[in-house]
Amino acid sequence: MPRLDIGKWIDSGITWLRENLDWLFDFIAKVVDGMYEGVHDVLSAPEPLLFAGILAVIAWWLRGLVAGVVAFAGFALIDSIQQWDEAMETLSLVLVAGFITIVMAVPLGIWAARSRTVSTMLRPILDFMQTMPAFVYLIPGIFFFGVGVVPGAIATVVFAMPPSVRMTELGIRQVDEELVEAAEAFGTSPRRTLVRVQLPLALPTIMAGVNQAIMLALSMVVISGMVGGGGLGSSVFEAISSVDVALGFEGGLAVVILAMYLDRMTGALGERVSPLGRRAIAKRNAAASGLKVLQWRPATSLATVGVVVLALVAGGMNVFGEDEKGPEVTADVGKGRSLNIGYINWDEGVASTYLWKEVLEQRGFKPKVQSYEVGALYTGMAAGDIDVQTNSWLPVTHESYWKNYRDKLDDLGSWYGPTSLEVAVPSYVKGVKTLEDLKGKGGTFKGKIIGIEPGAGEMKLMKDKVLPGYGLDKEYKLVSGSTAGMLSQLERSYAKQEPVAVTLWSPHWAYSKYDLTKLKDTKGAFGSGDRLHMLARKGFAQKEPQVAEWMKGFKLDEKQLTTLEQAIQDAGKGNQQQGVRAWLEKNPGMIDKIAPVAGAEAKGKQAGAAPRIGYFPWDEDIATTYLWKNVLERRGYKPSIKQYDVGSMFTGMAAGQIDVEFDGWLPVAQKQYWDKYKHNLVDIGAWYDKTSLELAVPSYVKDVKSLADLKGKGDEFKGKIVGIEPGTGEMKLLKDKVLPAYGLDEEYEVTSAGSPAMLAELERAYKKREPIIAVLWTPHWAYSKYELTKLADPKKAFGENNEIRSLGHKSFPKKYPEFYGWLKNWHMTEEELAGLEASIQDAGKGKVEEGVRKWMDAHPGIVDKMAPVK
């Protein structure tokens, strides 16, 4: 028969769905992720033992005192084996997936019970959903939703739904038909019959379906750990990939405890909510003998009070308790921004990833690291769910992945190389020095070459090129598994002096632990040596230019890499970060070499000083004030900033309540304030010149090119000039000199609601193409956003151009001599100021700090330039 390309058809269908319904998948992802985050925030907030107490009270209410005690002991055990956070992640995902499953499955079951046609159509679909291998659901999940929690949740819903649908249908169909007929005979509507008769009687069966759905959800959630679902699934996947018996058992034990708790509680809840179940509970209690206290269960109200009290205590501890001490931040470049780093569980991948985790934490970032299977890692990066990975073997090993996803990835360069891929055998195996020597010796090696992860590039090369190239593909079976599994088999065979052939690569610590022979690749089937590359998702370098710059310059030599790997091995499983820190102690200065931040660690001579900085709500003042706030904080100062209007600023500064401000427009715009208070102030110097004050109109307003052209056109502009803050020098100049000089003071009224209001009015009028006159100045970003005409001032009523100067209280130079010296030498170009203002605008309302940090990241060395410290 001709081959039916069903797989290709499905692949084409998934591609079509992804290209045409991407908006829908994004919406689903946001909803599911939002539900998960909400549930996880609730479950992870309390102290572990307090939350264990809450779960124990629920168990006591549902099943009795013994169940409550056992539940508390079980969850306390999870906490003691340091799997609590992972267990809460898994429980959150189970609850979200279980809720979605039940909400969808129960109505479908009811529909199927009431319609034979629907039941017939659903049956093969449910068969397909229930019997398809669970791992398969992860594949379209990754394509539609990327990696992480969402694909795991969606795959879980699909896998767990069939039993709940079937049991709901079965429960309703099993209700005695005579009861249904009796209800109908008394005139009960079909809907009331369903709600009042069928559902209550079918409830035990429906709850059994709910129980099975939750159990299946738990099993699938663990499987989803291999695509970044996190939780206990991640622990189990890591244990499998590294053959870590201890971690595997601990993760598995936590899964068992969760499964038993959920199973018993959902079963007991089914009895509680069912009338038949409640009668059965009452009969058991009446017939029970022995200690009554063991049979007693608290009333619902009492159990609720217990749960609420424990929750309030947990919440109080969370509010008033001390925060955990975070990692030492040596230079706060990241300001708490998060990064997602994915890695393959190979030694050099683990070592380089956890090294970068430590580096980024010390630079103020909050990196999250997660291991993935190779294919999931590249897919997740291409989808933008993973920011960066450190262990891409190019151009050979990961060639196929690079070809598929190169348009969505950025290569940040290689940090180690050249490497080599090879097959190795123990040196006690005689007569095997090359790959050709393996031919005819399949019996010696039991016809097997022990490989690593099935998705690894080396495995693809072995299958596609190496084995066929040497005629070994029919004589040997390439056994796929994991790197740790391969190393475990190598260790076992080596201890027994048995022949074994394994896939390996250089560098690898196995060559220092065992006496091995690298089989020569005389035909070059493995290709030339790879280099280890840093790959990032598209756009990462634009979002985090400083990190990208660091990664482009990252290099390790063979000694550094192998000693780092060994340090992590010595630290033991689960202690990768401790191993990295031990290695860094033996390699002082490595953090600064990997992630240089010029002068960021240097504190100023007056570190700890707290200058008071005032600012106006003007773009250039907001930008420079927050810029200096950031610079001063990096130099160890503790500045405070506060917004004022112009008059209050000068008054407060003259009184010594404000130390300094950066937006003094002199000699014209703020002349009256300077003349009034100059005896108590100091002019620190100009940092920007070539400014101007002006009125501006949109370019679509014709025949208005100068201030003189405004005369007689008051009706066109509704007799209004839109101004800024009433106390500013420009507003005083406008009213006192400019309008009278051009005879406009009786024809026009100047509004004074503030700069933001002026800009909002300008935007509104511009969209409607209405005439408007706005009070503006240069430099201002409005000229780049709108097409505006600066009205010429032929009579020079606005006076000469201003400079923007830093002004301070007269005590400022002596009080803050270091800061004063920095300001004396500070200058900004028009391009720098415009870029800073634009970055703040792009960040959006309320995100000034974020906009300033992005601009600073794009201008490395700006701190040293503005505030040099020897």
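Being a predicted model, the structure only gives us computed values, none of them experimental. Computation of the quantities below employed the complete heavy-atom set of this structure, encompassing side-chain atoms and omitting hydrogens, waters and symmetry-equivalent molecules.
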Before you tell me yes or no, could you show the steps for Leu355 and Leu584 under side-chain contact (heavy atoms from CB on, under 4.5 Å), namely the whole-Å CA-CA distance, both residues' side-chain angles and the distance that decides it to 0.1 Å?
CA-CA 9 Å; Leu355 173 60; Leu584 287 171; 4.0 Å; yes

Walk me through it: do Asp437 and Leu519 pass the test side-chain contact (heavy atoms from CB on, under 4.5 Å)?
CA-CA 9 Å; Asp437 294 336; Leu519 302 189; over 6 Å; no

Legend entry - Derivation of the side-chain hydrogen bond (donor to acceptor under 3.5 Å, both in side chains) call for Ser480 and Glu453: CA-CA 6 Å; Ser480 61; Glu453 289 77 9; over 6 Å; no

| said: Please determine whether side-chain contact (heavy atoms from CB on, under 4.5 Å) holds for the pair Leu472 and Lys439, giving the CA-CA distance in whole Å, both sets of side-chain angles, and the decisive distance to 0.1 Å. | reply: CA-CA 6 Å; Leu472 305 173; Lys439 194 166 180 64; 3.9 Å; yes

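For residues 386-401, every residue pair satisfying the salt bridge (charged side-chain N to carboxylate O under 4.0 Å, His left out) rule, not counting sequence neighbours, is listed here: Asp387-Arg537, Glu399-Lys403. Residues in residues 469-489 take part in no ring-ring contact (aromatic ring centres under 6.0 Å, His included) pair, two or more places apart or across chains.
Under a cut-off of 6.0 angstrom, the local environment of NZ in Lys465 is sparse, with at most 12 non-hydrogen atoms contributed by other residues, nucleotides or ligands. Atom NZ of Lys446 has 12 or fewer neighbouring heavy atoms from other residues, nucleotides or ligands inside a 6.0 Å radius.
Thr562 contributes a side-chain N or O that, together with a main-chain N or O of Lys559, makes up a donor-acceptor pair within less than 3.5 Å. The backbone N or O of Glu436 sits less than 3.5 Å from a side-chain atom of Thr434, completing a donor-acceptor pair. Remark: the backbone N or O of Ser506 is not paired with any side-chain donor or acceptor of Lys518 at under 3.5 angstrom. Between the side chain of Asn587 and the backbone N or O of Met590, no donor-acceptor pair lies under 3.5 Å. In terms of modelled atom types and a separation under 3.5 Å, the side chain of Arg363 and the main chain of Gly334 share no donor-acceptor contact. Listed for the Glu458 side chain is no donor-acceptor partner under 3.5 Å among the backbone atoms of Leu421. Judged by distance alone, with hydrogens and angles left aside, the side-chain atoms of Lys496 form no donor-acceptor pair with the main-chain N or O of Arg492 at under 3.5 Å. Although no hydrogens or angles enter the test, the distance criterion places no donor-acceptor pair under 3.5 Å between the side chain of Ser338 and the main chain of Lys366.
With values rounded to the nearest 0.5 angstrom, Leu556 atom CG is found 6.0 Å from Ile594 atom CD1. The distance from atom CD of Gln370 to atom CD1 of Ile341, rounded to the nearest 0.5 Å, is 12.0 Å. With rounding to the nearest 0.5 Å, the separation of CD in Glu549 from CE in Met551 is 12.0 Å. In this structure, CG in Leu409 is found 10.5 Å from CG in Asn404, a value given to the nearest 0.5 Å. To the nearest 0.5 Å, atoms CD (Gln569) and CG (Asn575) are separated by 12.0 Å. We find the OH-CG distance between Tyr401 and Leu535 to be 13.5 Å, quoted to the nearest 0.5 Å.
Ile449 places none of its side-chain heavy atoms less than 4.5 Å from the side chain of Val479. In this structure, Leu504 and Val423 have side chains that are not in contact, with every pair of non-hydrogen atoms separated by 4.5 Å or more. Within the 4.5 Å cutoff, the side chain of Tyr343 has heavy atoms near those of the Val350 side chain. At a threshold of 4.5 Å between non-hydrogen side-chain atoms, the residues Gln560 and Trp583 count as touching. When side chains are defined from C-beta on, Thr156 does not count as touching Leu93, because their heavy atoms never get closer than 4.5 Å. Counting heavy atoms from C-beta outward, Arg581 and Glu358 have side chains that approach closer than 4.5 Å. Looking at heavy atoms from C-beta onward, Lys555 lies in side-chain contact with Ser414 at the 4.5 angstrom threshold. Residues Val425 and Leu516 fail the side-chain proximity criterion, which asks for heavy atoms closer than 4.5 Å.
Under the ring pair (Phe, Tyr, Trp, His ring centres under 6.0 Å) criterion, Trp415 pairs with Phe554, not counting sequence neighbours. Annotation: salt bridge (charged side-chain N to carboxylate O under 4.0 Å, His left out) contacts of Asp410 (sequence neighbours excluded): Lys538. Checked against ring pair (Phe, Tyr, Trp, His ring centres under 6.0 Å), His40 has the following partners two or more places apart in sequence or in another chain: Tyr36. In this structure, the salt bridge (charged side-chain N to carboxylate O under 4.0 Å, His left out) partners of Lys357, at least two apart in sequence or on a different chain, are Glu361. Glu37 is linked by a side chain to side chain donor-acceptor pair (under 3.5 Å) to nothing, counting only residues two or more places apart in sequence or in another chain. For the ring pair (Phe, Tyr, Trp, His ring centres under 6.0 Å) test, residues two or more places apart in sequence or in another chain that qualify with Tyr514 are Tyr494. For Asp85, there are no side chain to side chain donor-acceptor pair (under 3.5 Å) partners at least two apart in sequence or on another chain. For Arg531, the salt bridge (charged side-chain N to carboxylate O under 4.0 Å, His left out) criterion is met by no residue, not counting sequence neighbours. When the salt bridge (charged side-chain N to carboxylate O under 4.0 Å, His left out) test is applied to Asp127, the partners found at least two apart in sequence or on another chain are Arg166.
Of all non-hydrogen atoms in Thr379 and Gly375, the two that sit nearest each other are OG1-O, 2.8 Å. Nearest heavy atoms, Val500 versus Ile450: CG2-CG1, 4.0 Å. The minimum heavy-atom distance between Phe445 and Ala501, with the atom names listed, is CD2-N, 3.7 Å. The two residues Glu565 and Ala351 make their nearest non-hydrogen contact at CG-CB, 4.0 Å. Summarising the geometry of Val359 relative to Ala595, their closest heavy-atom pair is CG1-CB, 3.6 Å, with the distance given to 0.1 Å. Closest approach of Pro499 to Tyr428, counting heavy atoms only: N-CE1, 4.3 Å.
By the 30° and 60° cut-offs, the orientation of the rings of Trp346 relative to His398 is tilted.
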Could you give the side-chain donor-acceptor pairs of residues 388-396 under 3.5 Å, partners two or more places apart or in another chain?
from	atom 1	to	atom 2	distance (Å)
Gln389	OE1	Asn391	N	2.9
Gln389	OE1	Ser392	N	3.3
Thr390	OG1	Ser352	OG	2.6
Thr390	OG1	Thr353	OG1	3.4
Asn391	OD1	Trp393	NE1	3.2
Asn391	ND2	Glu348	OE2	3.0
Ser392	OG	Tyr378	OH	2.7
Trp393	NE1	Glu348	OE2	3.2

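No hydrogens or angles considered: nothing links the side chains of Thr90 and Glu86 as a donor-acceptor pair under 3.5 Å.
With respect to Glu544 and Arg337, a salt bridge is recorded, a charged nitrogen being found less than 4.0 Å from a carboxylate O.
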